[in-house]
K.L.:
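Once you've had a glance at the structure underneath, I'll fire off some questions.
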Amino acid sequence: MKTAVTHIPPVIDAHCSTAQLTKPWMRWAVFFFLLGSLFGLLMRYALVGTLPESIDYKNILHAHSHAALLGWGYLLVSGAMVFFYIKEKARLKTYKTLLIITVIANIGMALSFPVQGYGLYSIIFSTLHLLVSYFFAFNLFRDLRKSEPGLDIQFVSWALIWMMISTIGLWAIAPIGSVLGKTHPLYHLSVQWFLHFQLNGWFVYGMLGILTFWLKQEKVFIQKANGKLFLFHLSLVLTFSSTVFTSTGWPVLYYFNLLGVILQAYVYLWILQPAFKFILINSPKNQNWIKRLILLGLISLSTKAFVQLLMIYGPALDVSHHIRNLVVGFIHLVLLGAITFGIGGIASKERILPNNAMAKIGWALLGLGFVISELLLFVEGGLNWTKLGSIPFYLDLIFYASAFFPIGLGMIFVSFWVEKTADLTVFCPILKPKSLIS
């Protein structure tokens, strides 16, 4: 008897190669999210308990933000782009190398920031992440040329552009800090430049690219842009003026921001309306929990636009940048709400992330923690602004709400090892025992 392995067709081979990279990529993404949530919980505990003298709160804050933004956010968005668009085995090897370097950079930041804050080693690893992100953008730009043109490709391409533009703020921080000092307005604006174009450019455009790609697979097509994409770019640039307005008080910047948030709301309506309609009315009835995740992401993105519309009231715009609860709530609305649940839901639907009972419970706990903490942050921020007092036991409540994050993420992380559909024998049926011919 002669035993031979059947020939692996190119399509199956591509799926096999993708599967071999998908699991470790997303596992690392969730790991850094889990790590970031533990840093965040430690920060919450510092306000209700006592940290050891060896732990510096500000250093933990830096570790938390870098693990969340450059660990979870970056790996989730970039990973979804890679696994939806790149199928060539040779090209996936390049992205595997980029993943390895990115993980090294993130581990370095996770170890160095809690100890030294911004110091030699944390800056080295941050710079390494910055440089590898440029290589990622260059390679993905090249690969996207092979994809069928469409609105999703435009969003993804512009997400990469805004990601690179956001890093101008990072390169400016060091020279401004050394020459003008960290208290100079330009130093603050450099940080805000990075955050604005990272959150509202790289992450939001990336989410909308993945969303329109997924809708296209579901045979839901958004109307042609007809200049709307340009208006979206314009709104992104104009809304940065809100930060400059709070630093300078120049009246013209208020009107720039006013125009920007109106344009943004108009474009969001154009994109999100068919998405809401599909999920609420026309989508299949199976896997309702995943649809609820995507819906929470869309609601978060819509709420972001609504909150920015509220900021057209002058005093509200000024105070929104100075009340910490509102600032944190807004950042979480984008990264934890829109990106985490929007892309996370689609990735779960497409089995890029685990899709099993344990993952379902983990996502439910994560969603519960997000909703409760956002309500607490915005209500407490509103009470602080109006000087109407504070939520009773606010610090304790926000600590307990934050505890849902590491618990839920821990379950999602463990679910990678019980996920059957992510195994190579599912992505690569040709490798099953039945494929052996006697």
Side-chain angles (χ1 to χ4, degrees), residues 10-11 13-15 17-18 21-22 25 74-95 98 133-166 197-198 200-237 263-264 266-279 282-283 294 297-298 301 338-339 342-343 345-347 349-352:
V11 174
D13 190 36
H15 282 305
S17 301
T18 303
L21 186 57
T22 301
W25 190 302
Y74 176 86
L75 286 175
L76 175 68
V77 175
S78 62
M81 291 175 177
V82 168
F83 302 128
F84 282 148
Y85 290 104
I86 311 303
K87 303 301 179 185
E88 296 178 28
K89 188 175 182 179
R91 296 300 300 142
L92 288 170
K93 289 181 180 179
T94 299
Y95 291 100
L98 295 176
S133 70
Y134 292 156
F135 281 103
F136 171 81
F138 171 79
N139 279 279
L140 193 58
F141 268 130
R142 189 173 72 170
D143 289 323
L144 287 176
R145 294 176 185 171
K146 306 170 189 175
S147 301
E148 181 183 351
L151 183 60
D152 58 314
I153 296 294
Q154 289 179 297
F155 272 125
V156 171
S157 299
W158 273 100
L160 297 171
I161 292 171
W162 293 123
M163 183 263 285
M164 292 187 290
I165 288 176
S166 75
F197 289 104
Q198 184 85 177
N200 300 295
W202 163 230
F203 286 157
V204 170
Y205 274 70
M207 178 208 169
L208 293 176
I210 297 303
L211 177 67
T212 49
F213 173 87
W214 175 65
L215 290 174
K216 185 167 67 174
Q217 306 300 8
E218 299 290 340
K219 308 302 180 185
V220 178
F221 300 97
I222 298 174
Q223 293 178 348
K224 289 185 179 179
N226 294 328
K228 295 186 181 73
L229 199 56
F230 170 76
L231 296 180
F232 199 26
H233 303 331
L234 185 60
S235 74
L236 177 61
V237 175
L263 291 177
Q264 177 184 250
Y266 169 68
V267 176
Y268 275 12
L269 184 64
W270 160 59
I271 300 169
L272 298 183
Q273 186 179 20
F276 273 114
K277 182 179 178 182
F278 171 72
I279 293 174
N282 299 325
S283 65
I294 302 173
L298 298 181
L301 192 59
I339 307 307
I343 297 182
I346 294 172
K349 176 73 170 60
E350 300 300 319
R351 301 188 183 279
I352 290 175

K.L.:
Hey, what do you get for NZ (K216) to CG (D152), rounding to the nearest 0.5 Å?
P.N.:
3.5 Å
K.L.:
Do other residues, nucleotides or ligands put more than 12 heavy atoms under 6.0 Å from the CZ atom of F141?
P.N.:
yes
K.L.:
Determine the minimum heavy-atom distance between L215 and A275, stating which atoms define it.
P.N.:
CD1-CB, 3.9 Å
K.L.:
I'd like to check L211 versus F155 (side-chain heavy atoms, cut-off strictly below 4.5 Å). Are they in contact?
P.N.:
no
K.L.:
Are any non-hydrogen side-chain atoms of I346 and F84 less than 4.5 angstrom apart?
P.N.:
yes
K.L.:
Would K349 and E218 count as a side-chain contact (heavy atoms from CB on, under 4.5 Å) here? Give the steps.
P.N.:
CA-CA 12 Å; K349 176 73 170 60; E218 299 290 340; 3.9 Å; yes
K.L.:
Do V267 and S235 come close enough that some side-chain heavy atom pair is under 4.5 Å?
P.N.:
no
K.L.:
Locate the shortest heavy-atom distance separating A137 from M163; write the atom from each residue and the value.
P.N.:
CB-CE, 4.1 Å
K.L.:
Would the number of heavy atoms belonging to other residues, nucleotides or ligands and lying under 6.0 Å from CD of Q273 be above 12?
P.N.:
no
K.L.:
Does any part of the side chain of Y205, heavy atoms only, come nearer than 4.5 Å to the side chain of I210, both counted from C-beta?
P.N.:
no
K.L.:
Where is the tightest heavy-atom contact between W25 and S78, given as atom of each residue plus distance?
P.N.:
CZ2-OG, 3.4 Å
K.L.:
Is any side-chain heavy atom of E350 less than 4.5 Å from a side-chain heavy atom of T22?
P.N.:
no
K.L.:
Please step through side-chain contact (heavy atoms from CB on, under 4.5 Å) for the pair I165 and W202, ending with a clear verdict.
P.N.:
CA-CA 9 Å; I165 288 176; W202 163 230; over 6 Å; no
K.L.:
Would you check if there is a donor-acceptor pair between the side chains of Q198 and S166 at a distance under 3.5 Å?
P.N.:
yes
K.L.:
Any side-chain heavy atom of L272 within less than 4.5 Å of one from L208?
P.N.:
yes
K.L.:
Atom CG of L144 and atom CD1 of I86: how far apart are they, to the nearest 0.5 Å?
P.N.:
6.0 Å
K.L.:
Quick one: closest heavy-atom pair of D143 and R91, and the distance?
P.N.:
OD1-NE, 2.8 Å
K.L.:
For the atom pair NZ (K146) and CD (E88), what is the distance rounded to the nearest 0.5 Å?
P.N.:
4.0 Å
K.L.:
Would you say that V204 contacts F197 through its side chain, given a criterion of any heavy-atom pair below 4.5 Å between the two side chains?
P.N.:
no
K.L.:
Do L298 and M207 pass the side-chain contact (heavy atoms from CB on, under 4.5 Å) test, and can you show the C-alpha distance, the side-chain angles, and the key distance before you say yes or no?
P.N.:
CA-CA 10 Å; L298 298 181; M207 178 208 169; 3.9 Å; yes
K.L.:
Count the heavy atoms belonging to other residues, nucleotides or ligands that lie under 6.0 Å from CZ of F221, then report whether that count exceeds 12.
P.N.:
yes
K.L.:
Nearest 0.5 Å, please: how far is CG in L160 from CG in L140?
P.N.:
5.0 Å
K.L.:
Answer with yes or no after comparing the ring centroid distance for Y85 and F213 against a 6.0 Å cut-off, counting only values under it.
P.N.:
yes
K.L.:
Do the non-hydrogen side-chain atoms of Q154 and L229 ever get within less than 4.5 Å of each other?
P.N.:
yes
K.L.:
Does the ring center of F232 lie less than 6.0 Å from the ring center of Y268?
P.N.:
yes
K.L.:
Of all the heavy-atom pairs spanning A80 and I343, show the shortest one and how long it is.
P.N.:
CB-CG2, 3.9 Å
K.L.:
When rounded to the nearest 0.5 angstrom, what distance separates NE2 in H233 from CH2 in W158?
P.N.:
4.0 Å
K.L.:
Give a yes or no on whether the backbone of N139 and the side-chain of Y95 come within a donor-acceptor separation of less than 3.5 Å.
P.N.:
yes
K.L.:
Rounded to the nearest 0.5 Å, how far does CZ of F136 lie from CG of L75?
P.N.:
9.5 Å
K.L.:
For atom OH of Y134, is the number of surrounding heavy atoms from other residues, nucleotides or ligands below 6.0 Å larger than 12?
P.N.:
yes
K.L.:
What heavy-atom pair brings A159 and G206 nearest, and what distance separates the two atoms?
P.N.:
CB-N, 3.5 Å
